[in-house]
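Each residue takes its place number in the sequence, starting with 1. Because the structure is predicted, anything quoted here is derived from the model rather than measured.
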Amino acid sequence: MKEYSTKDIRNVVLLGATKSGKTTMAESILYVGKVIDRKGTIEDKNTTSDYEEIEKLNQRSVYATPVYAEFAGCKVNVIDAPGSDDFCGGAFSAFKVCENGILVVNAQQGVEVGTDIFARYASKANLPLVIAVNQLDADKADWEMVQNSLKESFGGKLVTIQFPTSTGSGFDGFIDVLTMKYYHFTDDKGTREDLEIPAEYADEAELYRGLLMEKAAEYDDTLMEKFFDAGELSEDEIRDGLRIGIAAGECYPIFCVSAKKNIGVKRLLEFTTRVSQKPSCDETGPASLFIYKNSVEKNLGEVSFFKVMSGVVTTGVEFEDAASGNKERFSAIYAVAGQKKEQVNAIHAGDFGCVVKLKNGKSSTTLSALGSGLNYGKIEFPAPKYRCAIKAKVQQDEQKLGDALKKIASQDPTVIVEYSRELRQTILSGNGEQHINVVKWRLNNEFGLDVELFAPKVPYRETITKVATAQYRHKKQSGGAGQFGEVHLLVCPAEGPLNTKFNIDGKETVLNVKTSESADLDWGGKLEFYNCVVGGAIDLSFMPAILKGIKERMVEGPLTGSYARDIRVFVYDGKMHPVDSKEIAFIIAGRNAFKEAFRNAGPKILEPIYNVEVMTPAEYQGAVMSDLQNRRGILGDLGADKGFSILKARVPLAELYRYSTTLSSLTSGSASFTMEFSDYQPVPGDVQAKLLADYAASEQEED
């Protein structure tokens with residue numbers, strides 16, 4: 001293929017709900033752009049972009065796949081992003097490298113929750129959008145319904161470029177009010193007749209044309225002045241105005257499409273090449289690129305997909321990752337159309353390509369010319385919404401499982417794997433249960449591992465609510481040197497101003513602080529430690545040992561083995577032996593004195609609370625609210641946005657396992673949610689009693 005300069009490149013991501021027809025749209029773009037000479041179908045499992053085995057099995061996109069079309073002297077790179085929010089990571093990767101988006105809307109459904117979700121994501125990423133109403137040839141296509149749902153979601157920012165002359169099986173053309181032509185299609189291959197607008201549509205076309213010119217004039221003072229003076233704008237002037245409005249996120253042009261029959265796809269590409277944003281890349285600068293995706297392909301091994309951010313990338317040149325110092329040399333570079341890869345000599349700034357078998361070519365990596373120091377940051381993904389514990393069913397496979405999960409996470413950064421020392425579990429997190437099930441499928445089928453997924457333990461915390469004292473003597477004599485250490489200490493909650501006046505053994509006592517130490521704990525909260533020993537009862541050199549013993553006990557709290565936090569400890573007395581007192585003796589004495597005092601200080605278990613926000617159609621609002629309350633959720637603000645109810649609640653993490661699955665069931669898959677850690681709060685009394693009983697039972701089993 002030919003080389004394209006930056007000004008002749010357009011980068012577009014296809015967004016939309018599941019079943020909106022994005023993959024079929026990508027296939028039609030490839031066909032119109034003459035990259036393929038025969039279109040594949042989802043049903044036949046032979047599309048160019050959905051080529052992974054899991055995608056063929058499920059007949060839906062799981063990964064974001066780059067393809068391209070050569071059209072009207074331009075190269076249009078297109079990323080076909082999955083339509084399920086469970087696989088939204090692909091869209092976020094595309095946001096990093098694409099300057100434009102096409103939001104595909106199903107003409108049978110109008111704006112769905114998935115449509116709205118990806119439109120919101122695009123808006124937050126400041127990605128300009130045009131809207132392609134697809135499947136207008138379907139029996140249940142309803143243009144009026146689609147228009148109403150779009151208005152509800154996008155309001156006055158919509159502008160109609162095209163409207164159909166019919167819908168359903170008879171859909172064979174549309175009126176384009178930018179070119180003021182009637183485009184009629186004579187077959188399913190996209191054969192197009194450019195005709196005059198029929199008389200019966202002339203008035204409607206003039207109405208939309210006037211609205212289009214008015215909208216285009218809004219974004220440029222010169223165009224506005226001309227429109228007021230002459231009442232007319234030329235095609236190119238309308239395009240100029242729309243280009244400004246679309247880029248600012250203030251204008252959403254609407255197009256008519258049947259990707260299945262190739263109706264409207266060529267016209268959409270024409271608009272894309274003439275109006276959409278060009279890459280803002282420096283073609284004359286030092287060569288640099290950003291890797292936005294990784295995959296492993298059977299015949300190639302690991303493939304790194306990139307966008308050239310500046311200069312020209314050629315083979316044989318050495319690049320470096322300025323962040324790590326790692327160096328890479330490309331033996332070959334390729335243009336990408338799904339599984340099809342074509343070796344090329346050079347790729348210019350703004351264009352897409354891929355390279356195979358890099359040593360360190362992971363997603364979100366910048367590679368640039370030696371010494372240039374360029375770095376384009378990282379892709380920012382949304383926080384995971386589903387977490388579970390995972391283990392190999394065969395204990396001997398645990399190491400293999402760890403290696404496999406590491407590979408999967410490197411290819412899909414929205415898969416998060418961490419071993420929790422606190423919970424003693426491997427925790428697998430993702431965007432939803434479907435997302436995690438794909439990981440499980442890959443482990444089973446690609447790595448030959450049989451695994452078990454189950455509810456993760458909850459990272460509870462332990463603390464105290466009142467003052468308590470305790471003392472502990474550790475004395476050990478076993479023939480040789482002995483061990484002796486005695487510690488008297490007081491504990492209280494680490495809150496409010498420091499108070500050193502306490503009732504100890506029935507006497508009002510003021511503790512005189514000699515030394516102190518305060519630490520923010522790795523797991524949250526703090527520990528304050530005060531040495532108040534007088535008269536040399538315990539030598540100052542043993543204080544670090546006492547503190548060490550206390551910290552050891554806080555790592556495994558006395559109630560449930562969870563981390564303890566937010567505690568003040570005052571060591572006010574004790575004893576030592578001139579010969580037998582050793583560090584280990586005071587570690588043990590400090591640990592056990594703290595444990596006893598903790599149990600007598602009104603101990604309380606704390607649980608993690610998450611802020612949950614649900615976006616649901618209003619008809620399901622009651623069911624969603626009831627379910628949140630059943631999960632011990634405390635309902636907060638209730639709002640509305642573009643036809644959807646917005647529910648906010650504070651919900652314990654312990655009650656959120658598989659919430660995404662339940663929510664989907666309650667709302668027929670039409671709701672979405674986000675969750676974010678808020679804080680720790682005391683568990684109710686009945687919950688604490690059960691947790692204590694469960695912990696006691698587990699300890700007995702271990703014994």
Side-chain angles (χ1 to χ4, degrees), residues 13-28 30 39-67 78-94 104 106 108-109 112-115 117-118 134-135 138 259-260 293-298 303 338-339 384-386 388 390 404-405 407-409 411-415 428-451 453 658 660-665 667-672:
V13 55
L14 295 180
L15 303 169
T18 301
K19 305 297 184 183
S20 60
K22 298 181 307 302
T23 297
T24 305
M25 175 85 78
E27 201 73 5
S28 291
L30 284 160
K39 289 172 56 178
T41 67
I42 301 293
E43 295 75 21
D44 291 338
K45 303 179 181 179
N46 61 351
T47 61
T48 307
S49 60
D50 284 1
Y51 61 86
E52 296 284 357
E53 188 63 30
I54 186 67
E55 295 176 312
K56 294 178 181 179
L57 285 171
N58 289 280
Q59 296 193 13
R60 63 190 297 185
S61 298
V62 171
Y63 306 105
T65 303
V67 298
V78 177
I79 294 181
D80 176 18
S84 169
D85 196 28
D86 275 35
F87 307 110
C88 66
F92 280 79
S93 295
V104 184
N106 187 336
Q108 303 171 89
Q109 304 294 335
E112 304 169 80
V113 167
T115 318
I117 288 171
F118 284 100
N134 191 26
Q135 301 182 41
K260 184 178 181 180
K293 172 188 170 176
N294 289 93
S295 71
V296 175
E297 300 185 11
K298 288 182 181 179
V303 183
Q339 198 169 15
K385 293 178 286 191
Y386 189 96
C388 63
I390 185 171
L405 286 172
K407 288 181 181 178
I408 291 173
Q411 295 159 28
D412 181 356
T414 60
V415 173
L428 177 63
S429 300
N431 293 317
E433 190 163 9
Q434 296 176 54
H435 190 199
I436 296 302
N437 285 340
V438 167
V439 174
K440 184 180 180 183
W441 184 91
R442 292 192 63 188
L443 291 170
N444 294 158
N445 293 275
E446 295 178 18
F447 297 92
L449 292 168
D450 201 5
V451 299
L453 305 178
R658 299 189 80 238
S660 62
T661 306
T662 300
L663 182 65
S664 180
S665 177
T667 64
S668 300
S670 63
S672 66

Just by distance, do the side chain of [X] and the backbone of [Y] share a donor-acceptor pair under 3.5 Å?
{"X": "Asp450", "Y": "Asn444", "value": "no"}
{"X": "Glu446", "Y": "Ala404", "value": "no"}
{"X": "Asn46", "Y": "Gly40", "value": "no"}
{"X": "Lys39", "Y": "Lys260", "value": "yes"}

[X] versus [Y]: any side-chain heavy-atom pair under 4.5 Å?
{"X": "Ile408", "Y": "Phe447", "value": "yes"}
{"X": "Asp412", "Y": "Val439", "value": "no"}
{"X": "Lys22", "Y": "Ser61", "value": "no"}
{"X": "Ile42", "Y": "Thr47", "value": "yes"}
{"X": "Leu15", "Y": "Val104", "value": "no"}
{"X": "Glu53", "Y": "Asn445", "value": "no"}

How many angstroms lie between [atom1] in [X] and [atom2] in [Y], if you round to the nearest 0.5 Å?
{"X": "Gln434", "Y": "Phe87", "atom1": "CD", "atom2": "CZ", "result": "5.5 Å"}
{"X": "Lys385", "Y": "Ser672", "atom1": "NZ", "atom2": "OG", "result": "6.0 Å"}
{"X": "Tyr386", "Y": "Arg658", "atom1": "OH", "atom2": "CZ", "result": "5.0 Å"}

Over all atoms of both residues, closest heavy-atom pair of [X] and [Y]:
{"X": "Asn431", "Y": "Pro384", "value": "OD1-CA, 4.2 Å"}
{"X": "Gly89", "Y": "Thr414", "value": "CA-CG2, 3.6 Å"}
{"X": "Thr18", "Y": "Ser84", "value": "OG1-N, 3.4 Å"}
{"X": "Ala64", "Y": "Ile79", "value": "CB-CG2, 3.8 Å"}
{"X": "Lys19", "Y": "Gln59", "value": "NZ-O, 3.9 Å"}
{"X": "Gly83", "Y": "Phe118", "value": "O-CE1, 3.2 Å"}

### Under 3.5 Å side-chain donor-acceptor pair for Glu27 and Thr48
yes
### Message
A quick test of your reading: do over 12 heavy atoms of other residues, nucleotides or ligands sit less than 6.0 Å from NZ of Lys407?
### Response
no
#### Entry: CA sep, side-chain torsions, deciding dist, call: Ile436, Asp86, side chain to side chain contact (heavy atoms under 4.5 Å, CB included)
CA-CA 9 Å; Ile436 296 302; Asp86 275 35; over 6 Å; no
Applying side chain to side chain contact (heavy atoms under 4.5 Å, CB included), name anything that partners [X], two or more places apart in sequence or on another chain.
{"X": "Glu112", "answer": "Ala17, Asn106, Gln109, Thr115"}
{"X": "Ile54", "answer": "Glu52, Asn58, Val62, Tyr63, Val438, Trp441"}
{"X": "Thr662", "answer": "Asp627, Arg631, Leu666"}

### Query
Lys440: what forms a side chain to side chain donor-acceptor pair (under 3.5 Å) with it, not counting sequence neighbours?
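Once residues adjacent in sequence are excluded, Lys440 has no partner under the side chain to side chain donor-acceptor pair (under 3.5 Å) criterion.
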### Summary
For Ser49, the side chain to side chain donor-acceptor pair (under 3.5 Å) test, sequence neighbours excluded, returns Asp80
### Task
With sequence neighbours excluded, tell me which residues meet salt bridge (Lys or Arg N to Asp or Glu O under 4.0 Å) with Lys293.
none
